[in-house]
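In what follows, every chain begins at residue 1, and chains take the letters A, B, ... in the order their sequences are listed.
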Amino acid sequence: MEGSESASDKQRPWQSYHTVYTNAKAGMEGVDKEKVQRVVYEMSKGSKYFENEERKEAFIRQKIEHMRVRAAKLSAADLSHYQKVAEKRILELEATRELSRIWLHVDMDAFYAAVETLSNPSLKGKPMAVGSMSMLSTANYEARKFGVRAAMPGFIARKLCPNLIFVPTDFNKYTYYSGLTREVFRNYDPNFLAASLDEAYLDITRVCKERGITGEEIAEELRSRVHEETGLTCSAGVAPNRLLAKVCSDINKPNGQFVLPNDRMAVMTFISSLPIRKIGGIGKVTENILKGVHGISTCKEMLQKGSFLCALFSRSSADFFLSVGLGLGGTDTPEARFRKSISSERTFSATEDAALLYQKLADISEMLSADMQKEGLSGRTLTLKLKTASFEVRSRAVTLQKYICSSDDILKHASNLLKAEFPISLRLIGLRVSHFNVDKGDIPVDPTQKTLTKFLIFGDYPKRTGDDQSSFGSDLSDLHFMNEKETSISLDSHRTGHYEFGAPFERNHLLDIDDSNCISYENACEMDKTGELFSHKTAATVKTDDVEERSAKSPKKELSRVSEDDSSVQRESEDSNTDRSNKESSASGNEDDHKLFWVDDYKCSLCGTELPSSFIEERQEHSDFHLAERLQEEESGTGSNALIPRQRVMPKEYVGNQNRRKKHKPSPAKVKHLPIESFFAKKSGQKL
DNA sequence: GCGGATCAC
DNA sequence: TATGGTGATCCGC
């Protein structure tokens, strides 16, 4: 709390080394925190990493000090003004309170570790962690007793717990078991939100009503069904909104649940003593700032210090903090979103050898390009991320005139960005592409395109009423629940599980519609990315526009000036846009291929699926799918592995489970003539 | 639009 | 020996 070094810091310097993993977590109750803290400090001390952490800490202390000064400078008039502002905002927020919905958050217990124990029962009862000597994904509860936990480097964990068993991550196992849990979830809310492989949010309002039972009973039943289906335990939280449900699921972890009734008083009581760090979106830094500047450590104090919050933070931040104080957050049904960027990065042993660094850059370009091709993405902003040998992170970006996706294009521009940084010693290089051309998909000839797209892709699940916070609350709900990232800590070894089929999610989901409850293991991976993630989607652009409008800072209408380096503007004879999978299909004229698919400008010549010519994106994706299929066949014929889904083999340990899978998701070829109307039928006829 | 930072998993 | 990878958002230029 105190900004400067105290006497005890000098005697016990580890006390001032703040790490993310000293934060209390489930299963860490009986841990000797002091000892853990000391060991972590001792193991880290003197390293480059440690020095960087100290720099960052110092910077935050400075920031806090600066904010304190600003707060102290507020005049009485200022304060009274902001007090009124805060009171008004609190009233407005309170008016959005929604207590008619019941949300359930499920969180698998030590998921990766539990799955590993399932496939190797001899691990049972022994301290074990999933990950490497460099970094752990998670630890089982036996290991947590020693202070070992996720995000901790393995070599420190081993110091804390010399008998710790290390198990390498096997992402496919987790994806498979995640699929099993999701089949259970689907029975309670077909539109549940998957937050990650091991977490999900379910709106159980309807199922409670239909069956005339309480949220508590649903939670019990759901957890036991998850256990029956997977052999894994999970914890659940039931509350009137997602933010609270998430907090609740943590309370009786592992293998427990906690129910917060839909009652305003209950919510306020619950929230009042709750440490702010428990709230999703408030991390180590925000906690430090709120505590250091305003002495805030519980949610209740957010309201008490409302005037300061309104005075010192942006409107959206202040709104978020105040709503936390009120126990609001996430009762609407967020619709699906499209990804906004795609990236690839790798850590390696630090080097300043330019040739080596360029080689790394080329590798990353290849990986990124391959990922982009798989999803049919191309974008016009390229961002280079660097981490120096001293752990300093930098980024450099260009926005180009044309959309790029080939590794050559990526490498060309990335090299220009990197060139300017020499000499430099790096331990990480990353590349990200954003500003996709697909989100320009609003231009289609047919103005209803957007609606239709969403509808086709997502089956247009029944809209729920009671969208609170619609006026400004997008900020609030947006802070959470949009992240469907796999959380694997994947080192160079595996690009597993992700988007295996090279099929954009839209198409997969479209095909899913006919068979939505049946996921085969082979398709479980894509289901991850394609199903839940994007099945609750709405125009993210609406929100973005809203925000930009409100902040109204920069004149948006400036001419599209491009910051592309002029050297690279050399136009090769580019046939504009259809270059998505150019690299892969270089042998055969790609553009022609796309045209060939559509017989009479209506039907797919390969599988009979009908798509009117105005369904531009859908057609593109559909064609891409067939192309990808063909490429896979070709590639497997030649024995190259480049495009072959690597994880389609059922690992031996769950061969027995395979029978549970009812059906396979049909490939386009199996869907024989899926008429347009059937999509509409699904819309209204969606059951459960 | 860029770059730094924070956060979640 | 050794401290990850992916994606999103926000803020201040």
Side-chain angles (χ1 to χ4, degrees), chain A residues 19-21 40 43-44 47-50 52-53 56 59-60 63 107 111-112 131-138 150-159 169 171 194-199 246 277 279-289 313-317 320 337 339-350 364 367-368 371 380-381 383-387 391-399 417 427-428 430-432 434-435 474-475 478-492 494-495 498 529 533 540 543-544 547 551 553-554 556 558 560-563:
Chain A
T19 61
V20 268
Y21 31 78
V40 170
M43 297 296 288
S44 301
S47 68
K48 305 262 191 204
Y49 173 83
F50 180 85
N52 187 250
E53 289 299 299
K56 288 195 317 195
F59 184 78
I60 292 168
K63 184 172 175 180
D107 193 340
F111 184 53
Y112 294 1
S132 69
M133 239 12 137
S134 298
M135 186 58 55
L136 301 181
S137 299
T138 190
M152 181 179 277
F155 68 92
I156 295 183
R158 193 177 51 184
K159 192 82 172 180
T169 56
F171 192 70
S196 64
L197 281 186
D198 71 324
E199 279 183 44
K246 165 105 177 139
R277 186 68 158 85
I279 302 294
I282 299 185
K284 187 182 91 167
V285 173
T286 309
E287 179 190 35
N288 277 333
I289 290 175
F313 292 95
S314 70
R315 165 153 177 164
S316 72
S317 296
F320 171 64
R337 317 185 101 87
R339 70 149 81 233
K340 295 184 174 61
S341 71
I342 185 167
S343 67
S344 187
E345 67 185 57
R346 286 298 177 276
T347 294
F348 42 84
S349 50
I364 309 275
M367 289 188 283
L368 179 57
D371 288 351
R380 50 189 281 262
T381 297
T383 305
L384 172 71
K385 175 179 170 181
L386 306 173
K387 193 187 284 179
F391 285 83
E392 179 201 349
V393 176
R394 295 182 201 169
S395 68
R396 299 289 179 261
V398 272
T399 298
L417 292 174
R427 73 187 325 276
L428 173 147
L431 288 172
R432 179 169 72 249
S434 50
H435 269 102
S474 47
D475 292 322
D478 283 346
L479 252 114
H480 329 281
F481 322 127
M482 28 188 330
N483 211 342
E484 159 85 352
K485 268 302 301 167
E486 275 74 14
T487 65
S488 77
I489 295 187
S490 48
L491 298 179
D492 307 38
H494 51 292
R495 300 287 312 149
H498 303 234
K529 289 303 204 176
L533 204 201
K543 178 249 167 188
T544 312
V547 168
S551 64
K553 257 186 228 163
S554 51
K556 289 177 59 180
E558 59 182 8
S560 57
R561 180 187 54 82
V562 244
S563 45

### Message
Any non-hydrogen side-chain atom of A:Lys385 less than 4.5 Å from a side-chain atom of A:Leu431?
### Response
no
#### Entry: Heavy-atom check, side chain of A:Arg346 versus side chain of A:Ile364, under 4.5 Å
yes
### Message
Using the C1' atom as the point on both nucleotides, what is the distance between C:dG4 and B:dC7, in whole Å?
### Response
15 Å
### Summary
Residues at least two apart in sequence or cross-chain that pass side-chain hydrogen bond (donor to acceptor under 3.5 Å, both in side chains) with A:Ser44, listed by chain then number, are none
Would you mind reading off the distance between [X] atom [atom1] and [N] atom [atom2], rounded to a whole angstrom?
X        : N     : atom1 : atom2 : value
A:Arg277 : B:dT6 : CZ    : P     : 12 Å
A:Glu199 : B:dA8 : CD    : P     : 11 Å
A:Phe171 : B:dC9 : CZ    : C1'   : 11 Å
A:Asp107 : B:dC9 : CG    : P     : 8 Å
A:Tyr112 : C:dG5 : OH    : P     : 14 Å
A:Leu417 : B:dG1 : CG    : P     : 15 Å
A:Lys387 : C:dT6 : NZ    : C1'   : 13 Å
A:Asn288 : B:dA5 : CG    : C1'   : 14 Å

Within the 4.0 Å heavy-atom criterion, would you say [X] contacts the bases, only the backbone, or no part of the nucleic acid?
X        : value
A:Leu428 : sugar-phosphate
A:Lys284 : sugar-phosphate
A:Ser47  : base
A:Thr286 : sugar-phosphate
A:Lys63  : nothing

Would you say [X] reaches [N]'s phosphate, i.e. side-chain N/O to OP1/OP2 under 4.0 Å?
X        : N     : result
A:Arg339 : C:dT6 : no
A:Arg396 : B:dG4 : yes
A:Ser343 : C:dG5 : no
A:Arg432 : C:dA8 : no
A:Lys246 : B:dC9 : yes
A:Thr399 : B:dC2 : yes
A:Thr347 : C:dG5 : yes
A:Arg158 : C:dT1 : no

Side chain of [X]: nearest nucleotide among [options]?
X        : options             : value
A:Lys340 : C:dT9, B:dC9, B:dG1 : C:dT9
A:Glu345 : B:dC9, C:dT3, C:dG5 : C:dG5
A:Val285 : B:dG4, B:dC7, B:dG1 : B:dC7
A:Pro153 : C:dT6, C:dG4, C:dT3 : C:dT3
A:Ser395 : C:dG4, C:dG5, B:dG4 : B:dG4

### Task
Looking only at non-hydrogen atoms, find the nearest pair between A:Phe171 and A:Tyr112 and report the distance.
CE1-OH, 4.3 Å
### Query
Taking for each residue the nucleotide of DNA chain C bearing the nearest heavy atom, is the 5' side occupied by A:Met152 or by A:Ser341?
A:Met152
## Note on the structure
Comparing A:Phe391 with A:Lys385, nearest DNA chain C nucleotide closer to 5' gives the residue A:Phe391
### Message
Closer than 4.0 angstrom, basic N to acidic O: yes or no for A:Glu53 and A:Lys56?
### Response
yes
### Query
Under 4.0 Å between a Lys/Arg side-chain N and an Asp/Glu carboxylate O for A:Glu345 and A:Lys387?
no
#### Entry: Exercise: do A:Thr169 and A:Ser137 side chains pair donor with acceptor under 3.5 Å
no
